[in-house]
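Okay, so here's the structure we're looking at.
Every number for a ligand or one of its atoms is a count from 1 in the order of the listing. In what follows, every heavy atom counts, from backbone to side chain, and hydrogens, waters and symmetry copies are set aside. When a residue number appears, it is its place in the shown sequence, counting from 1.
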Amino acid sequence: MTQKVCIERVEVRGSAPYLGMCVDADGNEVPVWSDDPRVVLDWLCDAWRCRYNQLRSRRMKWNRDRSELIPLGSVVDSRTDRQVREQCSWLASVPAMILQSPNRIENTDWWSANKRRRTLKKQHRYPGSMPRFKTCKTDPMFVCWYNKGANAVFHKLNRHHGMVVISGQNSKEHSLPGRGCRFEIRIRVRLSQEIRPYTSIGVHPKSGYLVFVNDPLPIPRKRTGLETGIDRGCVHSLALSDGSFIDLPKNRLEKIDREIRRRQKAQARRVRQSGFDTREYVRDGHQSNRYKEEQKRIGRLYRQAHRIIDDFQQQVSHRLVSEYDLIVLEDLNLQGMSRKAKPVPDPLHPGRFLSNGQAAKRGLNHALRSASMGGIRQKLEYKTQRAYASSILLVNPAYTSQQCSRCGHTCKENRESQAVFHCTRCGLKLNADHNAAINILQRGHETFISGMDEAGRGNTASDIQGKNLAKDAAVRKRKPTASH
Ligand SMILES: [Zn+2]
């Protein structure tokens, strides 16, 4: 977890950091010092990226025919931090806590990307590209370790302002005459909350923010004895089993959606009028400046919508976790739900296809994606872990929307419309999502009780969940022997 703050101002105090050698107009090499904060931050970003890429260059990858491992880069750099400092004069004055941090970060980045690729390949999904070198096009940044107060020390100035001090020193041969050798980079930041103990900071000068890397806060709560089942859907984002609904701020999102569509239409018109194919227009660099500008604006709008959804989910999940002891959700296969419709080949005309309802499916998929139902589950999962006496249970989602929550009668006709549920046997009339939420809670109870029977004893739902998983695994293991 991180805490993100805005950078207000940067100052360089004390001596000016030594930035390396530069060739002047006469062709002589001259040393460069600077106390311009922008130049100094750029220098630190470049140094951090350079060290990161040096470490990355030692990694190996398979060659084309997968017969042998070859290095990732054309040049393998196996120098240590100390050798780098001695041999590249422009890295000589970089604070040690900055120059050392890529060691661990590069390693974590590399192995997590590899693990992700392996998992995705197993699931027959697109694994994404191999981790590469960092380029100057990515957001320039550097990381500085706190290391129990060794560097990147935070000082609180007043309620809304604080300062992070990164200190360093020039070596004797590189120090600026008459100004000593120590320098301090003071980054003033704006605060909205208390900064918790942190392990490192990440500085993004170009985007103007700084992050403190620290542990997430545990959610303070007491046992309430309340339970809820939650039905996730497109019309109502969340329907709880007590009959209440929680909705995304739809008006704001729709407004952004309309804006995006308007701009995308204009973009399509620009492509059309240029006389190129869309792919040619984008790939071969025929885009006008206006087109590029608009593309950026569209990206900004997408990010804005994403932030609104994320904020909503954070707030709602926090509220649910602090209110309920047990939260029951459907175990939905969201990826399968929002898949494209399969093409239907026309038997009479080979090479042509019959209508498969893809247009309607596209609309549904868009709605599913914009509801972004996966996020709420993910957030609930990690927040229940960080809260006392709170747990989440996933149940089988089959027929929860068609089953009657009073008599248990399950049939398609029960669902009168999208919104209304009307039981054909006992006549129960309810909002369809509310009915589904009650069913989900009931299934949660059933799972809970069967887990209790199985376990003989059971105290918390998370225990039961663990046991259920173990039970499932045991059943899965037993199956092949049973079928033989
Ligand atoms: Zn009924």
Keeping the roles fixed (side chain from Asn435, backbone from Cys404), state whether a donor-acceptor pair exists under 3.5 Å.
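A pair under 3.5 Å: no.
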
By ring pair (Phe, Tyr, Trp, His ring centres under 6.0 Å), which residues pair with Tyr198, not counting sequence neighbours?
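For Tyr198 the ring pair (Phe, Tyr, Trp, His ring centres under 6.0 Å) partners, ignoring immediate neighbours, are Tyr146, Phe212.
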
Could you work out, with ring pair (Phe, Tyr, Trp, His ring centres under 6.0 Å) as the rule, every residue matching Tyr302, not counting sequence neighbours?
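Here no residue qualifies.
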
Examine the side chains of Ser405 and Asn439 and answer whether a donor and an acceptor come within less than 3.5 Å of each other.
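No, no side-chain donor-acceptor pair sits under 3.5 Å.
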
When you compare the side chains of Glu227 and His445, does any donor N or O come within less than 3.5 Å of an acceptor on the partner?
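Yes.
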
Polar protein atoms near the Zn ion (ligand 1) [N, O or S; cut-off under 2.8 Å]
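Listed by chain and number: Cys404 SG, Cys407 SG, Cys423 SG, Cys426 SG.
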
Of all residues at least two apart in sequence or in a different chain, which pass the side chain to side chain contact (heavy atoms under 4.5 Å, CB included) check with Met97?
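Scan of Met97 (side chain to side chain contact (heavy atoms under 4.5 Å, CB included), adjacent residues dropped) gives Gln100, Cys144, Trp145, Asn147, Ala150, Asn151.
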
